[in-house]
Amino acid sequence: MSAEPPGPWPGDVTRSAGDLAIETRGLTKRFGHQAAVDQIDLAVPRGSVFGFLGPNGSGKTTTIRMLLGLASASSGQIRVLGSEMPSEFHDVLPRVGALVEGPAFYPFLSGAANLHRLDTADRQAPSATRDARVAESLERVGLAHAAGKRVGAYSLGMKQRLGIANAILRPRELLMLDEPTNGLDPQGTREVRSLIRSLSGDGTTVFVSSHLLAEIEQICTHAAVMSTGRLVAQGTIDQLRSRGETRVRVRTPDLPSARVVLGSLGLSVDEVARERGEQIRSGEDEFVTAAVGVLDVRAEDIVAALVAGGVRVRGFVVDEGSLEDQFVALTGEGFDVAG
Ligand SMILES: Nc1ncnc2c1ncn2[C@@H]1O[C@H](COP(=O)(O)OP(=O)(O)OP(=O)(O)O)[C@@H](O)[C@H]1O
Ligand SMILES: [Mg+2]
């Protein structure tokens, strides 16, 4: 899997533009000498809930700003909903709802009045149905009760929801939400997550950034992982998860023979740890951690081989790879990313 090398794009007329909501080639943004976004090839399938995952400063917001034409790219190409950005923004922007760094709301106006104002600015929004649109949008984000309240008196979470309400004022083919749960309490976070799910249920593609892995895992069908400006992996959540290694941990006082047996099964022993918090005496139990990786050795066969090899097995744990391990591995130091 990993960041799949896409086929040629420029001049390629055979490729159907219909299957990807967002596609970039070599997209790069430099600030001085620093590449905040470095040659990324994004491929966001239509209809997906696509998580754009990465630690602080990894380039998520910068990418989203380029996708929306709010910032210019240093190099590379962008296609959104089949059209080139930013040259064809007239075609693209009416079909895209966005929440990036919260729109500027007037604090002295109510939530409803602010949305009314923003909807008026949308030339393609029919005025006859404006009130209904605003009311429905506020209802969907759970702000109906605060529609008449001054935005200056809104909490951060309420402002965040008002930003989402603005993004969904009209039906959109694509929503780009930059960290939509930032600043929300657990209840607000749950509500926004279920809102995102319901939005995608209508067939809208949702591109949502987050530095929270659990969030992406809960709501997304696909994800891309950013690390210091580079796109280090993308695919379905299952594809990303299956990149992980299964590990076994063996607790034994017979370390040398355990190494031999595990080695004979093709498992690489990469860590030995003494039981924490206990005094180390010779012959003390020790943990051996072995990576199974792609080698498909069954746990019972490993135990049988250890026992047959005279290893006293006092503990045996199988750790399935988790998406979290992957995220740490992909964004951590020293990880050699192929592809
Ligand atoms: N206008 C700018 N001028 C100079 N450097 C910038 C500018 N905007 C962003 N950067 C730098 O680009 C890098 C990526 O920033 P970006 O805001 O895209 O990250 P992010 O993934 O959205 O982070 P966060 O999770 O904190 O929102 C950072 O090192 C940041 O300091
Ligand atoms: Mg950001």
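All ligand and atom numbering here is 1-based and tracks the order in the structure.
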Contact with ligand 1 for Gly54, non-hydrogen, under 4.0 angstrom: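 Contact absent.
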
Any Gln34 heavy atom less than 4.0 Å to ligand 1: yes

Tell me, which protein residue and heavy-atom name are nearest [atom], and how many Å apart are they?
atom: atom 26 (O) of ligand 1; answer: Asn56 ND2, 3.1 Å
atom: atom 15 (O) of ligand 1; answer: Thr62 OG1, 3.8 Å
atom: atom 14 (C) of ligand 1; answer: Gly57 O, 3.4 Å
atom: atom 10 (N) of ligand 1; answer: Phe31 CE1, 3.4 Å
atom: atom 12 (O) of ligand 1; answer: Ala36 CB, 3.2 Å
atom: atom 27 (O) of ligand 1; answer: Thr61 OG1, 3.9 Å

Evaluation steps, side-chain hydrogen bond (donor to acceptor under 3.5 Å, both in side chains), between His211 and Glu179: CA-CA 8 Å; His211 59 277; Glu179 309 247 10; 3.0 Å; yes

Can you name the atoms of ligand 1, numbered from 1 with element, that are less than 4.0 Å from a heavy atom of [X]?
X: Ser58; value: 19 (O), 20 (P), 21 (O)
X: Pro55; value: 21 (O)
X: Glu179; value: 25 (O)

Intermediate values then yes/no, side chain to side chain contact (heavy atoms under 4.5 Å, CB included), Leu93 and His90: CA-CA 6 Å; Leu93 293 185; His90 280 298; over 6 Å; no

Polar contact flag, side-chain donor to acceptor under 3.5 angstrom, Thr181-Glu215: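 Result is yes, a qualifying pair exists.
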
Donor on one side chain, acceptor on other, Gln39 and Arg230, under 3.5 Å: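 The criterion, which ignores hydrogens and geometry beyond distance, is not satisfied for Arg230 and Gln39.
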
Chi angles and distances behind the side chain to side chain contact (heavy atoms under 4.5 Å, CB included) call for Met176, Ile22: CA-CA 10 Å; Met176 289 195 217; Ile22 301 171; 4.2 Å; yes

Gly59 N/O under 3.5 Å from ligand 1 N/O: yes

Contact check: Lys60 vs ligand 1, nitrogen or oxygen atoms, below 3.5 angstrom: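 In this structure, Lys60 places an N or O atom under 3.5 Å from an N or O of ligand 1.
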
Can we say [X] and [Y] salt-bridge, meaning some charged N sits less than 4.0 Å from an Asp/Glu carboxylate O?
X: Asp122; Y: Arg170; answer: yes
X: Glu23; Y: Arg25; answer: yes
X: Arg79; Y: Glu88; answer: no
X: Lys60; Y: Asp178; answer: no

Closer than 4.0 Å: a protein non-hydrogen atom to atom 31 (O) of ligand 1: no

Metal site the Mg ion (ligand 2): N/O/S of Thr61 inside 2.8 Å: yes

Expected output: side-chain Ser210 to main-chain Leu53 donor-acceptor under 3.5 Å: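 Pair absent, no side-chain N/O of Ser210 close to backbone of Leu53.
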
